[in-house]
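All values below come from the heavy atoms of this structure, side chains included, with hydrogens, waters and symmetry mates left out. As the structure lists them, so they are numbered: ligands from 1, and atoms in each ligand from 1. Sequence positions, counted from 1, serve as the residue numbers for this chain.
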Amino acid sequence: MTSPAAQAANVVYLDHNATTRPVPEAVAAMVQALQASWANPSSAHGPGQDARRALAAARARVAAFLGCGAAELVFTSGATEANHMALLGALQMSGRERILMSAVEHPGSQALAQRLRGQGVKVDLIPVDAQGRLSLAAARSLIADDVAVVSVMGANNETGVLMPVAEVAALARSAGALMHVDATQLAGKAPLSFAASGADLMSVSAHKLGGPKGVGALMVRKGVALPALLSGRQERNRRGGTENLPGIAGFAAACDRAAATLAADIRHMAAQRARLEAGLAAALPGVHVYGAEAERLCNTLCLRFGTLDAEQVLMKLERAGIVASSGAACSAGGTQPSHVLLAMGESPLHAKAAVRLSLGFDTTAADIDAAIAAATQELLPLLADGLAAAA
Ligand code: PMP
């Protein structure tokens, strides 16, 4: 049996870190909200108040899944907006002009950092080691009381390597800085609790866990008076704009589904990832797995096949019915090597060879076996040629 996502697209879909197929529960909740709760939740009349109640109910379910208070949850258009709100808000709020972030943050956050540099904000990057693990020693030496916010992702989207959020949060606290966690890749793939994380701000996105695109949230710890990015009275004056109720309802349904099966989903994805990793290593020479010695997300396998170029590998795999990505989807299509792998000390040649295979809760053993068979059929001749040439 192949997964529903694979059947729908007629491919084996191994790109769940880029996005996931909306689960049927989310689609149904969205249709229901579009049909029954289309009034404006800010309207005083009956239909408006019904929509307001639907919004409150959805908010409570998302908050329960994320381990935050309902009043701490600010719905946004996704994690990119949430990350912008966190960093820009922290700068404005603190009056400080320096931020720290990991060297492997999402391209959207890196681009924001670049823009801020142009405006005179000092941005220091916390390095990672060859396994993609954040250097706490470097974080310790960079932290100071001029830092507005420290921003570290919960798990890297390319390698799946987990970051020491609680330790960095303690450092941030010691300097009076806010701690922001981009938890976009954690939700639905690891236990997640805003309350227990030690973070002041945390971003998530619905479409990474079976919800729709265009909706996410920033969690803002109670008592943190973070300024709004978009002005307006919605979301307790923290995010203006009529609420995306269909999206939020879909998000809540996806959270409910994930909450009900999270432990089993994690075990399943870990087992299938192990099957894939072992199968590829056994069938092909020169397989190198990134972050193999680090603690990683259960679903992510970032690897290279010798020095075969990622674009060539992905083309061959897609021809054989397997779809995946090289590094971040946002930078795919470009010929730039991944900034994440460069930060891990990889050469540009190796970094351009990296392919990310990311599994979903519904990826089946048959999907994995198909991927191993396809990779063996398509890549073994190329690798054998390479070995022969080198001999
Ligand atoms: N942060 C991380 C770690 C991500 O993986 C992504 C999605 N590629 C984002 C932020 C952006 O999320 P969104 O698509 O909701 O803006």
Side-chain angles (χ1 to χ4, degrees), residues 13-22 26 62 66 73-88 101-114 125-126 128 132 134 149-163 165 168 180-190 192 197 199 201-219 229-230 239 241 244 247-248 250-251 254-255 290-291 296-302 324-334 338-341 343 354 356-360:
Y13 183 79
L14 295 181
D15 202 14
H16 289 84
N17 286 9
T19 197
T20 58
R21 184 182 72 112
V62 175
L66 297 171
L73 196 60
V74 180
F75 286 115
T76 65
S77 64
T80 302
E81 182 189 326
N83 291 344
H84 278 64
M85 184 175 164
L87 299 188
L88 293 170
M101 59 166 63
S102 89
V104 295
E105 291 304 299
H106 189 259
S109 300
Q110 299 249 340
L112 173 61
Q114 200 49 39
L125 299 183
I126 310 169
V128 297
L134 193 82
V149 59
V150 184
S151 186
V152 167
M153 60 205 334
N156 183 264
N157 47 303
E158 294 188 33
T159 60
V161 172
L162 302 176
M163 301 287 164
V165 167
V168 181
H180 169 245
V181 178
D182 179 350
T184 306
Q185 292 293 344
L186 284 183
K189 293 180 260 185
L192 181 60
S197 70
L201 306 164
M202 185 178 276
S203 308
V204 288
S205 182
H207 74 95
K208 307 287 183 175
L209 69 146
K213 289 153 195 60
V215 60
L218 181 69
M219 288 159 261
L229 186 63
L230 302 180
R239 203 276 187 176
N244 173 7
I248 292 166
F251 190 3
C255 289
Y290 289 104
R296 279 180 292 160
L297 280 178
C298 59
N299 78 317
T300 307
L301 180 58
C302 181
S325 276
S326 62
C330 321
S331 60
S338 142
H339 71 286
V340 174
L341 296 163
R356 177 186 69 187
L357 307 173
S358 51
L359 285 53

Can an N or O of [X] be found at a distance shorter than 3.5 Å from an N or O of ligand 1?
{"X": "S77", "answer": "no"}
{"X": "N17", "answer": "no"}
{"X": "A79", "answer": "yes"}

Numbering the atoms of ligand 1 from 1, which are under 4.0 Å from a heavy atom of [X]?
{"X": "M153", "answer": "3 (C)"}
{"X": "G78", "answer": "15 (O)"}
{"X": "T184", "answer": "1 (N), 2 (C), 3 (C), 4 (C), 6 (C), 10 (C)"}
{"X": "H207", "answer": "13 (P), 14 (O), 15 (O)"}
{"X": "S205", "answer": "13 (P), 15 (O)"}

Problem set entry | Test log, rule side-chain contact (heavy atoms from CB on, under 4.5 Å), inputs N17 and R356 | CA-CA 9 Å; N17 286 9; R356 177 186 69 187; 3.6 Å; yes
Seminar exercise, completed: Checking heavy atoms under 4.0 Å, the part of K213 that sits near ligand 1 is neither
For this session: Specify side chain, backbone, both or neither for K208, according to which of its non-hydrogen atoms lie closer than 4.0 Å to ligand 1.
Result: side chain
Seminar exercise, completed: Rounded to the nearest 0.5 angstrom, the CE-CE distance for M153 and M202 is 12.5 Å
For this session: Measure the spacing between CD of E81 and CZ of R239 and express it to the nearest 0.5 Å.
Result: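 Spacing of CD (E81) from CZ (R239) equals 4.0 Å.
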For this session: Given side-chain contact (heavy atoms from CB on, under 4.5 Å), test N83 with L112 step by step and report yes or no.
Result: CA-CA 9 Å; N83 291 344; L112 173 61; 5.9 Å; no
Problem set entry | Flag, side chain of H339 to backbone of E105, donor-acceptor distance under 3.5 Å | yes
Exercise. Do D182 and S109 have a side chain donor and acceptor closer than 3.5 Å?
Worked result: no
Exercise. For M219 and V181, what are the C-alpha separation, side-chain angles and deciding distance, and is it a side-chain contact (heavy atoms from CB on, under 4.5 Å)?
Worked result: CA-CA 10 Å; M219 288 159 261; V181 178; over 6 Å; no
